Undergrad: 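This is the structure I have questions about; it appears just below.
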Amino acid sequence: MMEAVQAIRGMNDILPEQVGWWQGIESAAREVLENFGYREIRTPVAEKLELFSRGIGQSTDIVEKEMYAFEDRNGDWLALRPEATASIVRSYVQHGLHAESGCRKLYQIGPMFRHERPQKGRYRQFHQIDAEVFGLDGPMIDAEMMHMLSLLVERMGISGVGLHINTLGCPTCRQGYREVLKSFLAERAEGFCEDCLRRRDTNPLRVFDCKVKSCAELLESAPQLIDYICDDCRAHFGAVRQFLDKLGTRYAVNPRIVRGLDYYMRTTFEVITDRLGSQNAIGGGGRYDGLVRDLGGPAVPAVGFAMGMERLVLLLEQEKEKPSRYPRCFIASLGEQARVSGFLLSQQFRARGLETEMDYNGRSLKSQMRRADKSGARYVLILGEEELARREIQLRDMVTKTQRIVPLENIFETLLAVDSEK
RNA sequence: GUGGGUGUAGCUCAAUUGGUUAGAGCACUGGGUUGUGGCCCCAGAGGUCGUCGGUUCGAGCCCGAUCACUCACCCCA
């Protein structure tokens, strides 16, 4: 035997047994998003590398060490997209979508790529549901988006998750806070772990995300961003919270939600579960008013979020029964002539919209019945040479175990009539 | 990128201190009814024991390397 080729590490097949979960999640997402006025946009999985280094941030982990970047045959540097926002913004700018109206709501569902060490809930090819709103800078849309995210999770049948929100301030007021925090970290340097000391220089806000106990304890006395942000940012955050309260959306303010992408400002949020081990965020996002301009477009404000579909599937597997589908009808046949007639019959049934299965191998009736049973079909049509000669067919109801002989003519209508009596 | 755990049939797992031909359950195929499913009975098929190398008279078992999976760190969805 030749050695079989394996799938790429961290890139998984979604087998027919699992695909029902994915379809359920996707249709729930489309339904809710479209209901809120979002329209689908499909962008390529590869972009120029520059788009992500400019968009996501040069010093972020994603750009620094997780991107699938490569030189193509023309010598251009490309990358498989590690997230959707930069691509959507690129497309929005390139096609002048900002010209059409004040506000634009877009969504995308598809694969993303990051070269990380795989673990539960984290893969190298993973799938996101991503939504973005362009052109609105007020707090109302921030609240609506988080409200919608809660509905989305609920509509998918997932419970026991929490919405955590925070504000990062705007680039101006955050800069002041960064300096204050940096000096706080410098004063107490000996108490913090190595990672936190490294973060002090790269991205000081991320220390709040540290899981080391001693760091968390020290940070309790740290200066809080909320005390340093400007009046406009404070008012924005206050209004977001008021709207969420009025919408009845439950949330917790969590100063640890700082996000790892450079473009976020003001509102940030995550949907968190305690049932997935360490990969506990099933969705997250925030406001990024500066990104469109940074990518060469007009100064259009924006908010967006992404959800991790693998994590949603993991949660659904924990609490719901696996969705499955069954053909309505199975055609069993005996003898070559009858098999051909059964084959043609199955095509007619399908053409009329009835999900129909059959046995193509010409095996024993017993084995065909076994297959019919396993397929979950409610009805089995049995066609032998005897029935064929008399222009008849056996119609068996697998649930009631009753069987009768009916005319072959108009068998489709007969089957529908029998089925509608149930 | 760092650390821990695990690799035996399609799946879940066995295999005495290293000892002849590596087993079971589920799933699969056929039979038990000249043409009838779930339960039961019988039979069959399915493995280079992840891979390569080493130790040994002898390795599924011990050692090393490598690959993969997995969990955690990191980071994030």
Side-chain angles (χ1 to χ4, degrees), chain A residues 1-4 6-12 15 17 56 60-66 82-85 109-131 149 153 161 193-196 198-199 202-203 206 209-212 257-261 264 269-273 276-285 304-315 330 332-335 338 359 361 363-388 394-399 401-403:
Chain A
M1 275 256 280
M2 290 255 288
E3 196 179 334
Q6 305 283 310
I8 297 169
R9 177 160 153 86
M11 303 202 184
N12 302 315
L15 299 175
E17 286 68 38
I56 298 169
T60 56
D61 281 8
I62 294 178
V63 169
E64 242 176 14
K65 49 194 191 195
E66 295 172 3
E83 55 110 49
T85 302
I109 299 175
M112 309 294 157
F113 304 85
R114 291 183 202 171
H115 191 104
E116 298 181 270
R117 189 89 166 253
Q119 71 183 69
K120 187 177 184 182
R122 188 175 79 183
Y123 310 101
R124 289 185 173 179
Q125 174 175 322
F126 60 104
H127 297 77
Q128 286 188 338
I129 299 162
D130 190 275
L149 190 52
V153 168
V161 297
C193 68
E194 275 178 38
D195 287 324
C196 281
R198 181 173 48 76
R199 291 184 187 112
T202 56
N203 193 348
R206 289 219 65 88
D209 214 15
C210 186
K211 281 156 187 150
V212 177
I257 305 296
V258 291
R259 318 288 304 157
L261 286 66
Y264 286 115
F269 53 91
E270 281 182 14
V271 175
I272 294 172
T273 174
L276 286 184
S278 74
Q279 304 305 318
N280 62 351
I282 62 171
F305 73 81
M307 282 208 259
M309 295 180 76
E310 280 78 3
R311 293 179 188 179
L312 296 170
V313 170
L314 285 170
L315 284 178
F330 190 100
S333 57
L334 283 152
D359 180 81
N361 291 322
R363 284 196 279 216
S364 71
L365 184 60
K366 184 188 185 116
S367 99
Q368 291 186 65
M369 290 303 288
R370 262 205 274 264
R371 267 204 61 195
D373 183 54
K374 267 173 199 136
S375 79
R378 173 76 194 247
Y379 303 102
V380 178
L381 289 173
I382 304 162
L383 186 63
E385 303 293 353
E386 295 169 22
E387 287 85 355
L388 196 57
Q394 307 259 5
L395 170 54
R396 181 173 180 83
D397 183 326
M398 296 296 274
V399 176
K401 303 184 197 182
T402 54
Q403 184 169 330

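Letters A, B, ... are given to chains in the order of the sequence lines, protein chains preceding strands, and every chain is numbered from 1. Note that the structure is a prediction, hence the values are computed from the model and not measured.
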Undergrad: Under 4.0 Å between a side-chain N or O of A:S367 and OP1 or OP2 of B:G30?
TA: yes
Undergrad: Using a cut-off of 4.0 Å on non-hydrogen atoms, how would the nucleic acid contact of A:K401 be classed: base, sugar-phosphate, or nothing?
TA: base
Undergrad: More 5' along RNA chain B: A:G285 or A:K366, using each one's nearest nucleotide?
TA: A:K366
Undergrad: Mind checking A:K120 for me? I need base, sugar-phosphate or nothing, with any heavy atom below 4.0 Å counting as a touch.
TA: sugar-phosphate
Undergrad: Going by distance alone, is a donor N or O of one side chain under 3.5 Å from an acceptor N or O of the other, for A:E83 and A:Q128?
TA: no
Undergrad: Establish, with yes or no, whether the OP1 or OP2 oxygen of B:C73 is under 4.0 angstrom from a side-chain nitrogen or oxygen of A:S278.
TA: yes
Undergrad: So does A:R122 pair up with A:E116, basic N to acidic O under 4.0 Å?
TA: yes
Undergrad: Do the side chain of A:R9 and the base of B:C67 come within less than 3.5 angstrom through a donor-acceptor pair of N or O atoms?
TA: no
Undergrad: Counting any heavy atom closer than 4.0 Å, what does A:E386 reach on the DNA or RNA strands: base, sugar-phosphate only, or nothing?
TA: base
Undergrad: Quick one: look up who B:U2 pairs with, Watson-Crick or G-U, both distances under 3.5 Å, and put none if it's unpaired.
TA: B:A72
Undergrad: Between A:Q279 and A:R311, is there a side-chain donor-acceptor contact under 3.5 Å, judged purely by atom types and distance?
TA: yes
Undergrad: Looking for any heavy atom pair under 4.0 Å, which part of the strands does A:I382 touch: base, sugar-phosphate only, or nothing?
TA: base
Undergrad: State whether the distance check finds a donor on one side and an acceptor on the other, under 3.5 Å, for side chain A:R371 versus base B:G37.
TA: no
Undergrad: Base, sugar-phosphate alone, or nothing: which one does A:G10 contact when heavy atoms must sit under 4.0 Å apart?
TA: sugar-phosphate
Undergrad: Go through B:U36, B:C71, B:U29 for me and flag the one nearest to the A:R396 side chain.
TA: B:U36
Undergrad: Check every strand shown and say whether A:F330 touches a base, only sugar-phosphate, or nothing at a heavy-atom separation below 4.0 Å.
TA: nothing
Undergrad: Can you check whether any acceptor in the base of B:U36 is under 3.5 Å from a donor in the side chain of A:Q403, or vice versa?
TA: yes
Undergrad: Does a side-chain heavy-atom distance below 4.5 Å link A:S278 with A:Q119?
TA: yes
Undergrad: Please determine, for B:A27, whether a Watson-Crick or G-U wobble partner exists with both distances under 3.5 Å, and give it or none.
TA: none
Undergrad: Using a 4.0 Å heavy-atom cut-off, does A:G277 contact any base of the nucleic acid, only the sugar-phosphate backbone, or nothing at all?
TA: sugar-phosphate
Undergrad: Heavy atoms only, 4.0 Å cut-off, all strands: where does A:Q279 land among base, sugar-phosphate and nothing?
TA: base
Undergrad: Base, sugar-phosphate alone, or nothing: which one does A:A306 contact when heavy atoms must sit under 4.0 Å apart?
TA: sugar-phosphate
Undergrad: Confirm from the modelled atom types if A:R117 and B:U2 form a donor-acceptor pair under 3.5 Å, side chain to base only.
TA: yes
Undergrad: With sugar-phosphate meaning primed atoms plus P, OP1 and OP2, does A:E387 contact a base, only sugar-phosphate, or nothing at under 4.0 Å between heavy atoms?
TA: base
Undergrad: Does A:I8 CD1 have over 12 foreign heavy atoms under 6.0 Å away?
TA: no
